[in-house]
Amino acid sequence: MRFSIYRYNPEADDKPRMQAYDVALEPTDRMLLDALVRIKAHDDTLSFRRSCREGVCGSDAMNINGKNGLACITRIADLREPVQIRPLPGLPVVRDLIVDMSQFFKQYDSVKPYLVNNDPPPEKERLQSPQDREELDGLYECILCACCSTSCPSFWWNPDKFVGPAGLLQAYRFIADTRDQATNERLDNLEDPYRLFRCHSIMNCVDVCPKGLNPTRAIGKIKDLLVKRTV
Amino acid sequence: MGLPVRLFDAVIVGGGGSGMRAALELARADLKVAVLSKVFPTRSHTVAAQGGVAASLGNIDEDNWHWHMYDTVKGSDYLGDQDAIEFMCRKANEVVYELEHLGMPFDRLAGGKIYQRPFGGHMRDYGVSPVPRACAAADRTGHALLHTLYQANLKARTQFFVEWMALDLIRAQDGSVLGVTALEMETGEVMILQAKATVFATGGAGRIFAASTNAFINTGDGLGMAARAGIPLQDLEFWQFHPTGVAGAGVLITEGVRGEGGYLLNKNGERFMERYAPNAKDLASRDVVARAMATEIKEGRGAGKDGDCILLKLDHLGEETISKRLPGIREIAKKFANVDPVKDPIPVVPTCHYQMGGIPTNYHGQVVVPKNGNPESVVPGFYAAGECSCVSVHGANRLGCNSLLDLLVFGKSAGEKVIQDLKQDGKSHRALPNDAGELTLSRLARLDGQKSGERVAEVSADMRRTMQQHCGVFRFPDLLTEGVRKIKDVAERVSRTGISDKSRTFNTARVEALELDNLVETAVASLVSAEARKESRGSHDRADFHQRDDANWMKHTLWFKQGSRLEYKPVHTQPLSVETFEPKARVY
């Protein structure tokens with residue numbers, strides 16, 4: 001099978017290049033990650049992140065034939081040859097398919113992604129109805145792979161100012177949690193022409209999310225809450 | 001050439017569940033702490049845990065810690081230390097409630113309490129019938145737990161060293177641990193992180209097997225570092241084969257599927273677990289279920305076109321339950337097995353999943369080694385928690401959901417112990433030995449200087465094949481003997497591998513070579529320990545010694561790298577406050 005893979009080693013290369021590989025795959029190689037691991041067995045200089053190989057850890061996000069996705073759950077059989085593999089767009093490349101994710105995580109941190117509840121904790125669990133808990137479905141499952149934010153033009157232009165879909169999804173995850181008491185502060189933190197309102201509902205995030213989550217909807221709900229708060 | 005040194009009160013190696021739980025404890029104590037992780041913390045393998053965390057909350061049916069303790073002792077096939085098991089089961093509710101208070105999105109029951117489901121080996125009334133004890137967030141409990149702990153650590157301003165790999169342990173002349181050497185992957189820089197307390201939370205080495213549910217990063221780094229520094233590894237003959245890994249892919253399908261009412265079928269459509277475990281059936285202990293499945297396959301009743309798998313049926317649970325309680329499983333089955341479990345059964349096989357053994361510790365998380373006749377002399381400054389440690393609460397077989405519990409309880413207690421020890425005796429750093437860092441530098445120099453050599457990928461594939469063929473669910477004397485010879489050969493070859501990538505920036509070839517050093521120590525320890533144990537207990541099942549032999553073998557194995565030597569030490573049969581559960585025949 002034929003691949004064309006983005007290569008860049010800052011120690012050796014002046015500029016990035018695409019390298020062609022033609023590898024014989026085994027019947028057990030089902031996912032793109034299997035193919036990358038096989039290529040690496042022959043060319044150990046090819047660098048990429050990977051860990052769980054089942055779509056839950058978020059390590060191996062990359063741009064595959066023009067679309068962001070996780071290599072470990074992208075079926076080889078569904079890919080057009082030569083398979084074009086590039087690093088996630090919009091973030092600085094450290095080497096080959098490895099990007100510097102600092103900016104992405106900085107935005108995640110900026111939404112204070114943790115529960116704020118200043119009441120003394122009860123002896124047992126805080127109660128939450130199943131209906132209230134359901135509000136967190138579609139939010140807490142985010143694996144921070146960055147497929148969404150790095151496919152978002154607004155994030156490309158303003159990665160330092162726009163929180164991006166992943167961070168906003170997590171902002172809403174805590175707003176939606178009945179146990180959290182910081183909704184107002186969270187809304188204050190986002191009421192800004194860039195942080196939240198750079199989202200123009202292009203919906204690339206929804207299109208690429210390997211977990212089938214919908215950041216655009218969560219962003220819409222935050223916007224609704226801000227509107228409600230002012231009237 | 002000396003390495004640069006950075007000083008900390010405590011260094012935690014590993015950013016998974018136990019490492020982050022320990023970090024959270026330390027963050028509250030105003031200490032200078034570094035948490036090293038090979039991957040961004042939420043990518044640690046805890047994230048892949050599915051079914052739940054065990055605690056006798058009794059939210060659905062009556063339950064108590066003593067029943068949980070009994071189940072865990074029985075599940076361990078009486079190799080678990082009963083003091084540590086009592087400690088863990090009594091702490092379970094506390095650590096689960098703490099997690100809820102931190103924001104963990106547990107599923108809920110109608111009254112608002114945490115949802116619980118039945119799980120293998122967790123029973124009411126000392127083994128009478130299954131009890132819902134697994135506290136769950138759908139089938140993504142590990143994900144929810146790991147992200148909650150990361151978020152709590154963000155709030156606590158824990159200092160993470162992300163994509164740093166610890167390479168070797170630094171010990172003083174008297175054996176005390178003074179820190180680690182570590183590699184910053186992005187820059188290729190190596191330095192010494194010196195600490196008054198070093199906590200290993202490096203996870204397991206499940207990647208020594210060819211068929212494994214484990215992530216690529218589970219390379220037993222802590223075990224390799226400990227072994228190279230003269231610390232023995234305990235009970236490594238005991239590897240858990242999870243009954244339900246997706247056939248061919250190895251990806252885990254939670255026992256929660258059976259907890260929710262799913263069951264296993266052979267090719268005749270027979271619910272065969274009724275024959276092997278008439279009472280608990282599909283919710284018997286994992287070793288029992290895995291052996292039953294392997295027996296069905298061996299005796300020609302396996303399903304699939306080659307008769308080499310078992311079918312996990314859950315369509316009768318209905319689409320609503322599957323989508324609500326097992327959504328991740330449905331996703332995995334569709335992607336990795338090409339079946340929608342709402343309609344069709346999932347083909348599964350027993351797959352290497354969990355390392356019961358590890359670095360020997362007591363229930364405070366202190367690493368303990370034999371010294372001057374004391375089998376459990378504390379190594380000053382050294383702690384371990386989670387899968388890399390052997391407390392031992394899992395003995396010869398772990399119960400499902402006790403792993404997440406283990407990492408919470410012992411991550412926390414290791415953190416508490418570090419704080420206590422530093423308060424008592426932690427005023428200043430000790431001088432590093434002159435040769436600190438030398439081992440690391442020589443390992444790196446070898447890889448940099450090697451002009452040729454076998455490929456890391458080839459040697460590690462041979463290691464995995466050897467473990468798979470010689471140290472699987474069923475173990476045979478001739479295969480074990482041959483396996484020991486073969487794995488020692490592999491270990492020899494590991495010291496002669498070569499990598500073509502010599503660059504500094506994010507050199508993953510170098511990382512993989514360094515990981516193989518750790519994997520192979522674990523693999524040798526496992527085969528040597530397994531070959532020596534002449535009985536069958538828990539996950540260790542020998543064809544030539546088919547019974548458990550309490551008179552001769554109710555003892556823990558200790559493997560020393562030096563000379564690949566074995567020692568044994570007694571099991572703690574005395575709990576902390578209750579009476580001993582005496583060994584008896586284990587039926588489910």
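By convention in this document, chain letters (A, B, ...) are assigned in the order of the sequence lines, proteins followed by strands, and residues within each chain are numbered from 1.
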K.L.:
Side chain, backbone, both or neither: which part of A/Ile73 has an atom under 4.5 Å from a heavy atom of chain B?
P.N.:
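Answer is both: backbone and side chain atoms of A/Ile73 are under 4.5 Å from chain B.
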K.L.:
Side chain, backbone, both or neither: which part of A/Thr28 has an atom under 4.5 Å from a heavy atom of chain B?
P.N.:
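Neither part, no heavy atoms under 4.5 Å.
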K.L.:
Which one wins on heavy-atom pair count under 4.5 Å against chain B: A/Arg173, A/Glu141, A/Lys112, A/Glu123?
P.N.:
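Most heavy-atom pairs within the cutoff with chain B belong to A/Glu141.
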K.L.:
Between the main-chain N or O of A/Ile143 and the side-chain N or O of B/Arg43, is there a donor-acceptor pair closer than 3.5 Å?
P.N.:
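Such a contact is found between B/Arg43 side chain and A/Ile143 backbone.
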K.L.:
Do A/Arg95 and B/Asn507 touch side chain to side chain, with heavy atoms closer than 4.5 Å?
P.N.:
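Yes, at least one pair of side-chain atoms sits under 4.5 Å.
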K.L.:
Before you tell me yes or no, could you show the steps for A/Arg49 and B/Phe40 under side-chain contact (heavy atoms from CB on, under 4.5 Å), namely the whole-Å CA-CA distance, both residues' side-chain angles and the distance that decides it to 0.1 Å?
P.N.:
CA-CA 11 Å; A/Arg49 293 187 176 105; B/Phe40 184 77; over 6 Å; no
K.L.:
Test side-chain contact (heavy atoms from CB on, under 4.5 Å) on A/Val37 and B/Phe216 and set out the steps.
P.N.:
CA-CA 11 Å; A/Val37 168; B/Phe216 279 104; 3.9 Å; yes
K.L.:
Using a 6.0 Å cut-off, check whether atom CZ of A/Arg7 has over 12 heavy atoms from anything other than its own residue.
P.N.:
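Yes, CZ of A/Arg7 has more than 12 neighbouring heavy atoms, counting only those of other groups under 6.0 Å.
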K.L.:
Non-hydrogen atoms of chain A under 4.5 Å away: do they reach the side chain of B/Asn59, the backbone, both or neither?
P.N.:
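When you check distances to chain A, only side chain atoms of B/Asn59 fall under 4.5 Å.
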K.L.:
Side chain, backbone, both or neither: which part of A/Arg126 has an atom under 4.5 Å from a heavy atom of chain B?
P.N.:
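For A/Arg126, backbone and side chain are both near chain B.
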K.L.:
So do B/Leu154 and A/Tyr108 actually touch side chain to side chain, heavy atoms under 4.5 Å?
P.N.:
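Yes, their side chains come closer than 4.5 Å.
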K.L.:
To the closest 0.5 Å, what do you measure between CD1 (B/Ile217) and SG (A/Cys52)?
P.N.:
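SG of A/Cys52 is found 9.0 Å from CD1 of B/Ile217.
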K.L.:
With a 3.5 Å distance limit and no angle check, can you tell me whether A/Asp44 reaches the backbone of B/Ile499 through a side-chain donor-acceptor pair?
P.N.:
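Side chain of A/Asp44 to backbone of B/Ile499, a donor-acceptor pair under 3.5 Å: no, none is there.
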K.L.:
Give a yes or no on whether B/Arg28 atom CZ has more than 12 heavy-atom contacts from other residues, nucleotides or ligands under 6.0 Å away.
P.N.:
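Result for CZ/B/Arg28: enclosed.
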K.L.:
Hey, is NZ on A/Lys106 packed in by over 12 heavy atoms from elsewhere, all under 6.0 Å?
P.N.:
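Open.
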K.L.:
For B/Glu458, is it the side chain, the backbone, both or neither that has a heavy atom under 4.5 Å from a heavy atom of chain A?
P.N.:
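For B/Glu458, no heavy atom lies under 4.5 Å from chain A.
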K.L.:
Could you tell me which portion of A/Phe48 (side chain, backbone, both or neither) has an atom closer than 4.5 angstrom to a non-hydrogen atom of chain B?
P.N.:
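Contact with chain B involves the backbone of A/Phe48 alone.
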K.L.:
If you round to the nearest 0.5 Å, how far is CE of B/Met104 from OH of A/Tyr140?
P.N.:
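Answer rounded to 0.5 Å: 8.5 Å.
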K.L.:
Please say whether more than 12 non-hydrogen atoms of neighbouring residues, nucleotides or ligands are located less than 6.0 Å from CZ in A/Arg80.
P.N.:
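Incorrect, the count does not exceed 12.
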K.L.:
Of all of A/His42, A/Met101, A/Arg50, A/Arg30, which one pairs up most often with chain B through heavy atoms under 4.5 Å apart?
P.N.:
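Answer, by heavy-atom pair count under 4.5 Å with chain B: A/Arg50.
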K.L.:
Once rounded to the nearest 0.5 Å, what's the spacing between atom CG of A/Asp13 and atom OG of B/Ser503?
P.N.:
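A/Asp13 atom CG to B/Ser503 atom OG measures 10.0 Å (nearest 0.5 Å).
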K.L.:
Write down the atom of A/Glu125, the atom of B/Ile114, and the distance for their closest heavy-atom approach.
P.N.:
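Heavy atoms only, the tightest pair is OE2-N, 2.9 Å.
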K.L.:
For the atom pair NZ (B/Lys324) and CD (A/Glu134), what is the distance rounded to the nearest 0.5 Å?
P.N.:
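B/Lys324 atom NZ to A/Glu134 atom CD measures 4.0 Å (nearest 0.5 Å).
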K.L.:
Compare every heavy atom of B/Pro105 with every heavy atom of A/Leu136, then report the nearest pair and how far apart it is.
P.N.:
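Looks like CD1-CB, 3.9 Å.
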K.L.:
Non-hydrogen atoms of chain B under 4.5 Å away: do they reach the side chain of A/Leu46, the backbone, both or neither?
P.N.:
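Contact with chain B: backbone only.
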K.L.:
Are the side chain of B/Arg108 and the backbone of A/Arg133 linked by a donor-acceptor contact shorter than 3.5 Å?
P.N.:
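Checked: no pair found.
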K.L.:
Calculate, to the nearest 0.5 Å, the distance between atoms CG and OG belonging to B/Leu109 and A/Ser129 respectively.
P.N.:
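B/Leu109 CG to A/Ser129 OG: 11.5 Å, rounded to 0.5 Å.
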K.L.:
Go through A/Gly58, A/Ser47, A/Ala12, A/Gly55 and name the one with the most non-hydrogen pairs under 4.5 angstrom from chain B.
P.N.:
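When all of A/Gly58, A/Ser47, A/Ala12, A/Gly55 are compared, A/Gly58 has the most.
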K.L.:
Shortest non-hydrogen contact from B/Thr42 to A/Leu144?
P.N.:
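Closest approach of B/Thr42 to A/Leu144: OG1-CD1, 4.0 Å.
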K.L.:
Contact part of A/Arg53 toward chain B, heavy-atom cut-off under 4.5 Å: side chain, backbone, both or neither?
P.N.:
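Both parts, backbone and side chain.
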K.L.:
Looking at side-chain heavy atoms only, is the closest gap between B/Asn338 and A/Arg75 below 4.5 Å?
P.N.:
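Yes - at least one pair of side-chain heavy atoms lies under 4.5 Å apart.
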K.L.:
Of the non-hydrogen atoms in A/Val56 and B/Val47, which two are nearest, and what is the gap between them?
P.N.:
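Where A/Val56 meets B/Val47 most closely, the heavy atoms are O-CG2, 3.7 Å.
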K.L.:
Just verifying a value: how many Å separate A/Arg179 CZ and B/Glu100 CD, rounded to the nearest 0.5 Å?
P.N.:
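Reported value, rounded in 0.5 Å steps: 5.0 Å.
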K.L.:
Which heavy atom of B/Ser500 sits nearest a heavy atom of A/Thr45, and at what distance?
P.N.:
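Heavy-atom minimum between the residues: OG-CG2, 4.2 Å.
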K.L.:
With a 4.5 angstrom heavy-atom cut-off, which part of B/Arg510 approaches chain A: side chain, backbone, both or neither?
P.N.:
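Interface part for B/Arg510: neither.
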K.L.:
Tell me if the CG atom of A/Asp119 is crowded by more than 12 foreign heavy atoms within 6.0 Å.
P.N.:
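Yes, the 6.0 Å shell around CG holds more than 12 heavy atoms from other groups.
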K.L.:
Given heavy-atom pairs under 4.5 angstrom as the criterion, report whether the side chain, backbone, both or neither of A/Ile98 touches chain B.
P.N.:
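Answer is side chain: those atoms of A/Ile98 sit under 4.5 Å from chain B.
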K.L.:
Where on A/Pro10 is there a heavy atom nearer than 4.5 Å to chain B: the side chain, the backbone, both, or neither?
P.N.:
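The answer is the side chain of A/Pro10.
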K.L.:
With a 4.5 angstrom heavy-atom cut-off, is it the side chain or the backbone of B/His101 that approaches chain A, or both, or neither?
P.N.:
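Contact with chain A: backbone and side chain both.
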K.L.:
Side chain, backbone, both or neither: which part of A/Leu33 has an atom under 4.5 Å from a heavy atom of chain B?
P.N.:
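Only the side chain of A/Leu33 comes within 4.5 Å of chain B.
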K.L.:
Please state whether the side chain, the backbone, both or neither of B/Tyr97 comes within less than 4.5 Å of a heavy atom of chain A.
P.N.:
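Only the side chain of B/Tyr97 comes within 4.5 Å of chain A.
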K.L.:
Quick check on the interface: out of A/Glu54, A/Lys40, A/Lys124, who has the most heavy-atom pairs with chain B under 4.5 Å?
P.N.:
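Greatest number of close heavy-atom pairs with chain B: A/Lys124.
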K.L.:
Could you look at B/Glu512 and say if it's the side chain, the backbone, both or neither that has a heavy atom under 4.5 Å from chain A?
P.N.:
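Only the side chain of B/Glu512 comes within 4.5 Å of chain A.
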K.L.:
Compare all side-chain heavy atoms of B/Phe336 with those of A/Met31 and state whether any distance is below 4.5 angstrom.
P.N.:
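Result yes, sub-4.5 Å side-chain heavy-atom pair found.
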